[in-house]
Novice: 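The structure under discussion is supplied below as C-alpha cells; questions concerning it will follow.
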Amino acid sequence: MRDGGRIAAAIDVLTDVLNRHQPVKSAARDWGKRARYAGSKDRAFVSGLVLDALRKKNSIAHAMGSDEPRALILGALAHAWGWDIMRIDSAMDEEHAPSKLTLDERERLVMAPDVTAEPWISGDYPDWMEPMMERVFGEEKVVEAQAMAVRADVDIRVNTLKVNAEKAGGPMRSANAVESPLLKNAYHIPARDPSEREASLESIPAYSKGWVEVQDAGSQIAAAASNAKAGEQVLDYCAGGGGKTLAMAAMMEGKGQVHAYDIDGRRLSALIPRLKRSGAHNVQLAHPSEPEAVEALKGQMDVVFVDAPCTGTGTWRRRPDAKWRLKEKQLQKRIEEQTEILEAASQFVKPGGRLVYATCSFLMEEDEDRVAAFLSGHPDFTEQSAGEAAIASGLLTDEGAATVKAGSRAGTSVRLTPRRAGTDGFFFSVMVRKAQDA
C-alpha cells in the first residue's frame with residue numbers, strides 16, 4: 001500500500017473506534033480482515049497513526065478545528081509524526097487516498113501550537129479530570145500528561161529462575177534491547193518510530209524458553225516493593241495475568257510459596273502456560289472455585305500483594321483509546337472495589353506481615369486516599385517506606401533507587417510516571433501488620 005491508501009485506512013479504523021466504540025485492536029483487526037492485501041508494514045502504519053491520533057486527540061482537534069476522524073488523522077501526521085505539508089499533499093494525490101486537502105486544512109496543518117489552550121487540551125486528557133490532575137501534579141499537570149501521550153517503551157524482565165541477565169543479554173541485544181537503567185535483571189527497548197512494526201518478542205527462542213517476560217519497569221519495581229524472600233508465604237491477591245506472581249516467585253528463588261488468586265477464574269487459568277514456561281514450581285493457584293482452600297490462607301501470609309483493579313490511567317501511553325472511554329462513574333466504581341478488596345486482602349496478612357497495595361493509576365483518589373481510608377479503620381497496620389522496601393530487594397540499579405526515592409511521598413508510598421521515571425504510571429504502598437506482642 002502507498003501512504004495515501006494507508007491514511008484512508010487509518011481514517012476508517014478511527015471512525016470505528018470513535019463511532020462504534022471499538023478498541024483499537026479490534027477495529028484494526030476488522031480492517032485487516034477486509035484488506036487482505038495489506039502487509040505487516042501497512043498494518044503497523046495504520047495502527048500507529050490511529051493510536052497517535054488518540055494519544056493527542058484534544059490538542060489535534062483544537063489545532064484542526066474538528067474532532068472528526070479525518071481531521072484527527074491528518075493532524076496526527078503533522079503534529080505527532082512531523083510530516084510537512086508537502087509530504088501530506090503528495091500522499092493525498094495518490095490513488096485510493098482520501099480527498100485532497102482543503103484550504104482550511106492546509107492552513108491548520110502548518111499552524112504553531114496554541115500556547116493559550118486550556119490544560120486539558122495541551123495535556124490531552126478528559127476535561128472532567130482537571131481537578132484530579134491539578135491535585136496530583138499541580139503546575140506540572142500539562143507536562144506530566146504530555147509524557148503520557150507518547151508511544152511507550154518496552155521493558156523485559158529476565159527470569160532468574162532459568163538464566164542470569166548476562167546470559168540473556170545475547171538474545172536481548174538481537175532484539176535491539178539495552179540494559180535497563182532502573183533494574184539489574186531487566187532490559188529495555190526504546191519505542192520505535194510509530195509507523196514501524198514492533199518486533200514480536202514472543203517469536204524469539206529466549207521467550208519460548210522462559211528466559212524473559214515482557215513487563216513494564218514500573219510493574220517490576222512495584223513487585224520489588226514486596227521484598228518477597230525465599231521461604232516466605234506470599235499471596236498475589238489480584239493475580240490477573242500473573243506478571244507480578246512470576247516476578248515474586250523469581251525473587252524467592254523458587255523457595256516458599258506464592259499463592260495466586262483472582263476472582264476471575266478464567267484469568268487465573270491463563271497463568272498456567274506462563275508458569276510452565278517460567279519454571280516457577282513454587283506457585284499454587286488459589287482458585288475462587290475452591291473457597292475452603294483460600295479461606296485456609298487467612299492470617300498465614302508474610303506478604304499479601306494487591307494489584308488492585310483501577311482506571312488504568314497509568315497505561316494511557318499503551319491504551320490511549322481507554323483514556324477517552326473513562327467516565328466518572330467508572331472511577332467511583334473502582335474506588336468502591338478497591339476499598340472492598342483491601343479489606344478482604346488484609347485478612348490474609350499474618351502479624352508482622354506486609355500488605356502491598358499497588359495500582360497502575362496516578363489518581364490520588366485511587367491511591368493515597370484508599371491507603372489513608374484503610375489505615376484509618378485498621379490501627380493494627382502502619383505504612384512504611386515503599387521506596388526503601390523496593391531498594392532492599394536488591395533488584396534496583398543506583399539510578400532505579402534514585403528514581404524511586406524521587407517518587408516517594410514523605411517517606412511512605414511511591415508514585416512513578418512516564419515523565420519522572422520513564423515507566424508506566426504506578427503507585428505502591430507497603431503496610432505492615434503489628435506483631436502480636438507489639
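Residue numbers count from 1 along this sequence.
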Novice: Under the side-chain contact (heavy atoms from CB on, under 4.5 Å) criterion, do V136 and L363 qualify, and how do the steps go?
Specialist: CA-CA 7 Å; V136 66; L363 299 178; 5.5 Å; no
Novice: Is there side-chain contact between V356 and V304, with heavy atoms separated by less than 4.5 Å?
Specialist: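 Result no, sub-4.5 Å side-chain heavy-atom pair not found.
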Novice: Any salt bridge linking D302 with K350? Criterion: basic side-chain nitrogen under 4.0 Å from a carboxylate oxygen.
Specialist: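 K350 and D302: salt-bridged.
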Novice: Can we call the ring centroids of F374 and F381 under 6.0 Å apart?
Specialist: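 Yes - the distance between ring centres of F374 and F381 falls below the 6.0 Å cut-off.
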Novice: On the ring face of W211, is K162 found with NZ or CZ under 6.0 Å from the centre and within 45° of the axis?
Specialist: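 The answer is no, since K162 fails at least one limit relative to W211.
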Novice: For atom CG of N19, decide whether the heavy atoms of other residues, nucleotides or ligands shown that lie under 6.0 angstrom number more than 12.
Specialist: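 Atom CG in N19 is crowded, with more than 12 foreign heavy atoms closer than 6.0 Å.
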Novice: Quick one: does any side-chain atom of S361 pair with a main-chain N or O of T313 as donor and acceptor, under 3.5 Å?
Specialist: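 A pair under 3.5 Å: no.
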Novice: Show your reasoning for whether side-chain contact (heavy atoms from CB on, under 4.5 Å) applies to E388 and Q384.
Specialist: CA-CA 8 Å; E388 291 301 324; Q384 299 198 346; over 6 Å; no
Novice: Can you check side-chain hydrogen bond (donor to acceptor under 3.5 Å, both in side chains) on Y187 and R173, steps first, answer last?
Specialist: CA-CA 9 Å; Y187 284 84; R173 283 188 286 273; 4.7 Å; no
Novice: Can you see which heavy atom on H62 is nearest to which on A117, and at what distance?
Specialist: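 Minimum heavy-atom contact is NE2-CB, 4.0 Å.
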Novice: So, H188 and E179: side-chain donor and acceptor under 3.5 Å apart, yes or no?
Specialist: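 Judged by distance alone, the side chains do not pair up.
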Novice: To the nearest 0.5 Å, what is the distance between OG1 (T382) and CG (L375)?
Specialist: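 It is 8.0 Å, given to the nearest 0.5 Å.
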Novice: Has Q233 got a side-chain atom pairing as donor or acceptor with Q300's backbone, closer than 3.5 angstrom?
Specialist: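 No.
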Novice: Can you confirm whether the side chains of S219 and K244 place a donor and an acceptor under 3.5 Å from each other?
Specialist: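 Judged by distance alone, the side chains do pair up.
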Novice: Would you call E337 and R334 a salt bridge, using N to O less than 4.0 angstrom?
Specialist: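 Yes, E337 and R334 are salt-bridged.
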Novice: Nearest 0.5 Å, please: how far is NZ in K323 from OG1 in T315?
Specialist: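 Separation between the atoms: 10.5 Å.
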Novice: Any donor and acceptor pair, going by atom type alone, linking the side chain of D124 with main-chain N or O of S59 inside 3.5 Å?
Specialist: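 Present.
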Novice: Consider only side-chain N and O atoms of D52 and W81, and report whether a donor and an acceptor are under 3.5 Å apart.
Specialist: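 Yes, W81 and D52 have a side-chain donor paired with an acceptor closer than 3.5 Å.
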Novice: Please report whether the ring centroid of Y125 lies less than 6.0 Å from that of W324.
Specialist: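 That pair fails the under 6.0 Å test.
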Novice: Would you say L416 and V414 make side-chain contact, with heavy atoms under 4.5 Å?
Specialist: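 Contact flag for L416/V414 side chains = yes.
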Novice: Taking the side chain as C-beta and beyond, is there a heavy-atom pair between I60 and I73 under 4.5 Å?
Specialist: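 The answer is no, as the side chains (C-beta and beyond) never meet within the 4.5 Å cut-off.
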Novice: Charged N to carboxylate O below 4.0 Å: is that the case for D424 and R317?
Specialist: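 Judged by the 4.0 Å cut-off on N to carboxylate O distance, D424 and R317 do form a salt bridge.
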Novice: Measuring from atom CZ of R266 to atom CG of D264, what distance do you get when rounded to the nearest 0.5 angstrom?
Specialist: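 Rounded to the nearest 0.5 Å, the CZ-CG separation comes out at 5.0 Å.
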Novice: Side chains of K298 and Q347: is there a donor and an acceptor less than 3.5 Å apart?
Specialist: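 Yes, side-chain donor-acceptor contact under 3.5 Å.
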Novice: Could you check whether R409 makes a cation-pi contact with F427, meaning its NZ or CZ is under 6.0 Å from the centre of the six-membered ring and within 45° of the ring axis?
Specialist: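 No, R409 does not sit over the ring of F427.
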Novice: Provide the closest heavy-atom pair for W120 versus N58 in the form atom of the first, atom of the second, distance.
Specialist: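 That closest heavy-atom pairing would be O-ND2, 3.0 Å.
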Novice: Is any side-chain heavy atom of F426 less than 4.5 Å from a side-chain heavy atom of C360?
Specialist: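 A side-chain contact under 4.5 Å exists here.
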Novice: Tell me whether R277 contacts the main-chain N or O of Y207 through its side chain, where contact means a donor paired with an acceptor under 3.5 Å.
Specialist: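 Such a contact is found between R277 side chain and Y207 backbone.
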Novice: Out of curiosity, R319 CZ to L326 CG, how far, rounded to the nearest 0.5 Å?
Specialist: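 Answer for the CZ-CG pair, R319 versus L326, is 10.0 Å.
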Novice: Using a strict threshold of under 4.0 Å (side-chain N to carboxylate O), is an ion pair present between D380 and K434?
Specialist: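 A salt bridge is absent here (no side-chain N lies under 4.0 Å from a carboxylate O).
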Novice: May I ask you to check whether H378 and E343 show a side-chain donor-acceptor distance below 3.5 Å?
Specialist: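 H378 vs E343: donor-acceptor pair found between side chains.
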Novice: Is the closest side-chain heavy-atom distance between V294 and E290 below 4.5 Å?
Specialist: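 Result no, sub-4.5 Å side-chain heavy-atom pair not found.
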Novice: With a 3.5 Å cut-off and no angle check, do the side chains of T311 and E366 form a donor-acceptor pair?
Specialist: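 Their side chains do contain a donor-acceptor pair, which is all the 3.5 Å distance test asks for.
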Novice: If the threshold is 4.0 Å, N to carboxylate O, is there a salt bridge linking E365 and R135?
Specialist: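 Yes, E365 and R135 are salt-bridged.
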Novice: Just checking, any donor-acceptor pair under 3.5 angstrom between side chains of S278 and N159?
Specialist: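 Result is no, nothing qualifies.
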Novice: Working to the nearest 0.5 angstrom, can you tell me the gap between C310 SG and R370 CZ?
Specialist: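 It comes to 13.0 Å.
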Novice: How about L54 and V24: do any of their side-chain heavy atoms sit closer than 4.5 Å?
Specialist: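 With C-beta onward as the side chain, the pair touches.
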Novice: Do the non-hydrogen side-chain atoms of V349 and M301 ever get within less than 4.5 Å of each other?
Specialist: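 V349 does not reach M301 side chain to side chain.
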Novice: Run the side-chain hydrogen bond (donor to acceptor under 3.5 Å, both in side chains) test on T359 and D367 for me, step by step, so that the C-alpha distance in whole Å, both residues' side-chain angles and the decisive distance to 0.1 Å come before the verdict.
Specialist: CA-CA 7 Å; T359 74; D367 299 338; 2.6 Å; yes
Novice: Establish, yes or no, whether a centroid distance under 6.0 Å links the rings of Y261 and F348.
Specialist: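 Between F348 and Y261, which both carry aromatic rings, the centre distance is not below 6.0 Å.
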Novice: Are the charged groups of R6 and D42 less than 4.0 angstrom apart, N to O?
Specialist: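 Yes, this pair counts.
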Novice: Under the salt bridge (charged side-chain N to carboxylate O under 4.0 Å, His left out) definition, can you give me all pairs with a residue in residues 230-242, not counting sequence neighbours?
Specialist: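 Sorted result for residues 230-242: E232-R354.
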Novice: Just checking, is any N or O donor in the side chain of S429 or E383 under 3.5 Å from an acceptor N or O on the other one?
Specialist: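 Short answer, yes.
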Novice: For the backbone of V258 and the side chain of Q284, can you confirm whether one donor and one acceptor N or O come within less than 3.5 Å of each other?
Specialist: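 Pair absent, no side-chain N/O of Q284 close to backbone of V258.
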Novice: Do the side chains of E213 and R157 get close enough for a salt bridge, i.e. N-O under 4.0 angstrom?
Specialist: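 Judged by the 4.0 Å cut-off on N to carboxylate O distance, E213 and R157 do not form a salt bridge.
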Novice: For the residue pair G314 and F362, what are the closest heavy atoms and their distance?
Specialist: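 So the two residues come closest at N-CD2, 4.2 Å.
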Novice: Any donor-acceptor pair under 3.5 Å linking the side chain of S408 with the backbone of V404?
Specialist: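 Checked: pair present.
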Novice: Applying side-chain contact (heavy atoms from CB on, under 4.5 Å) to H259 and Y237, what does each step give before you reach the verdict?
Specialist: CA-CA 8 Å; H259 305 268; Y237 191 73; over 6 Å; no
Novice: For residues A386 and S413, report the shortest heavy-atom separation together with the two atoms involved.
Specialist: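 Nearest pair, atom of A386 first, then S413: CB-CA, 4.2 Å.
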Novice: Answer yes or no: is there a side-chain heavy-atom contact under 4.5 Å between T423 and T403?
Specialist: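 Of all side-chain heavy-atom pairs linking T403 with T423, none is under 4.5 Å.
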Novice: Where the side chain of S26 meets the backbone of Q22, is there a donor-acceptor pair that is under 3.5 Å apart?
Specialist: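 No, because the side chain of S26 does not come within donor-acceptor range (under 3.5 Å) of the backbone of Q22.
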Novice: Distance-only, no hydrogens or angles: does the T397 side chain make a donor-acceptor pair with backbone N or O of L182 under 3.5 Å?
Specialist: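 Yes; at least one donor-acceptor contact below 3.5 Å.
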Novice: Between D155 and Q215, does a side-chain contact (heavy atoms from CB on, under 4.5 Å) hold up when you go through it step by step?
Specialist: CA-CA 6 Å; D155 295 302; Q215 186 176 17; over 6 Å; no
Novice: Would you call R420 and E140 a salt bridge, taking side-chain N to carboxylate O under 4.0 Å as the test?
Specialist: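 Result for this pair is yes, salt bridge flagged.
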Novice: Give the minimum heavy-atom separation between D262 and G240, together with the two atoms involved.
Specialist: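 Nearest heavy atoms, D262 then G240: OD2-N, 2.8 Å.
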Novice: In sequence, state the C-alpha distance, the side-chain angles, and the governing distance for N185 and Q220, and then conclude on side-chain hydrogen bond (donor to acceptor under 3.5 Å, both in side chains).
Specialist: CA-CA 10 Å; N185 298 318; Q220 294 184 53; over 6 Å; no
Novice: SG/C238 to CZ/R267 distance, rounded to the nearest 0.5 angstrom?
Specialist: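 It comes to 9.0 Å.
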Novice: When you check the side-chain N and O atoms of E253 and N282, is any donor under 3.5 Å from an acceptor?
Specialist: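 Side-chain D/A pair, E253 to N282: absent.
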